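Report on the following structure.
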Amino acid sequence: MSKSQELVTDQACCPPGALLREPLTATAAADMATKLKALADPVRLQLFSAIASHAGGEACVCDISVGLDVSQPTVSHHLKVLRDAGLLTSQRRASWVYYAVVPEALASLSVLLGAVTTDTVGVPA
């Protein structure tokens, strides 16, 4: 089981607020910090968003790099960081690479951020 799956599995039976009542394990916290650090860069966040919102849940690198003010090698670097953080998968098809968001990673981020947002600002879950 991957670290991101461990967080999702651990939280699946518990309401989102449980994250604030029970601290993350060291392993889960390290995994989540890696994901958050990867998303903390504006270009990476744009790329991640473009892939997550793309029709069919996956996008070709040629589709998501349009409109970014960075070179192709920089886009490739950012996509590698997102892959290494466990946020994206990639698959080569002929001369293009297609990227997809890892559903478990998105779910674990949603659980963490949802718990922080709803419990800390007093909004009912």
Side-chain angles (χ1 to χ4, degrees):
M1 180 181 299
S2 75
K3 292 176 189 175
S4 62
Q5 289 172 324
E6 175 184 309
L7 178 62
V8 171
T9 302
D10 289 348
Q11 300 306 324
C13 66
C14 307
L19 283 173
L20 296 179
R21 290 188 295 274
E22 300 172 21
L24 291 170
T25 64
T27 301
D31 182 60
M32 190 57 61
T34 299
K35 288 173 176 40
L36 293 171
K37 285 178 188 177
L39 290 172
D41 181 90
V43 173
R44 288 195 288 266
L45 189 55
Q46 280 184 287
L47 288 167
F48 185 78
S49 175
I51 294 165
S53 64
H54 201 269
E58 69 176 6
C60 174
V61 69
C62 61
D63 295 330
I64 57 174
S65 58
V66 175
L68 294 176
D69 195 24
V70 294
S71 67
Q72 181 56 47
T74 302
V75 169
S76 295
H77 166 75
H78 286 304
L79 290 168
K80 180 183 182 325
V81 171
L82 292 167
R83 272 194 339 265
D84 290 348
L87 294 165
L88 297 179
T89 61
S90 63
Q91 182 182 50
R92 179 170 290 284
R93 297 182 197 155
S95 60
W96 296 107
V97 178
Y98 288 79
Y99 293 87
V101 171
V102 175
E104 296 85 5
L106 192 56
S108 66
L109 287 165
S110 295
V111 168
L112 179 70
L113 297 175
V116 170
T117 301
T118 58
D119 283 359
T120 57
V121 296
V123 176

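Source: prediction; values computed, not measured.
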**Asked** Looking at residues at least two apart in the chain, or sitting in another chain, which of them share a side chain to side chain contact (heavy atoms under 4.5 Å, CB included) with H78?
**Response** D41, V43, R44, L47, T74
**Fill in**
For C60 and C62 the tightest heavy-atom approach is SG-SG, 2.8 Å
**Item:** Which atom of A38 lies closest to which atom of A85, heavy atoms considered
**Value:** CB-CB, 3.7 Å
**Prompt:** Does D84 have any side chain to side chain contact (heavy atoms under 4.5 Å, CB included) partners at least two apart in sequence or in another chain, and if so, which?
**Reply:** K80
**Message:** Side-chain heavy atoms nearer than 4.5 Å, only ILVMFWY residues, links allowed to pass through others: does that put V81 and V75 together?
**Reply:** no
**Complete:** Residue set satisfying side-chain hydrogen bond (donor to acceptor under 3.5 Å, both in side chains) with S49, at least two apart, ordered chain then number -> none
**Request:** Taking the side chain as every heavy atom from C-beta outward, state whether L39 and L109 have any atom pair closer than 4.5 Å.
**Result:** yes
**Message:** Going by side chain to side chain contact (heavy atoms under 4.5 Å, CB included), name the residues that satisfy it together with A100, two or more places apart in sequence or in a different chain.
**Reply:** E58, T89
**Asked** Looking only at heavy atoms, which two atoms of F48 and L88 are closest? And how far apart?
**Response** CD1-CD2, 4.0 Å
**Item:** Nearest-0.5 Å distance that lies between atom CG in D31 and atom NZ in K35
**Value:** 3.5 Å
**Request:** Enter the distance from L24:CG to S108:OG here, rounded to the nearest 0.5 Å.
**Result:** 10.0 Å
**Fill in**
dist L87:CG -> L36:CG (nearest 0.5 Å) comes out at 8.5 Å
**Fill in**
The side chain to side chain contact (heavy atoms under 4.5 Å, CB included) partners of K37 (sequence neighbours excluded) come to none
**Request:** Just jot down the side-chain hydrogen bond (donor to acceptor under 3.5 Å, both in side chains) partners of Q46, sequence neighbours excluded, or say none.
**Result:** none
**Item:** Summary of salt bridge (charged side-chain N to carboxylate O under 4.0 Å, His left out) pairs that have at least one residue in residues 61-79, sequence neighbours excluded
**Value:** none
**Item:** From OH (Y99) to CZ (R83), nearest 0.5 Å
**Value:** 5.0 Å
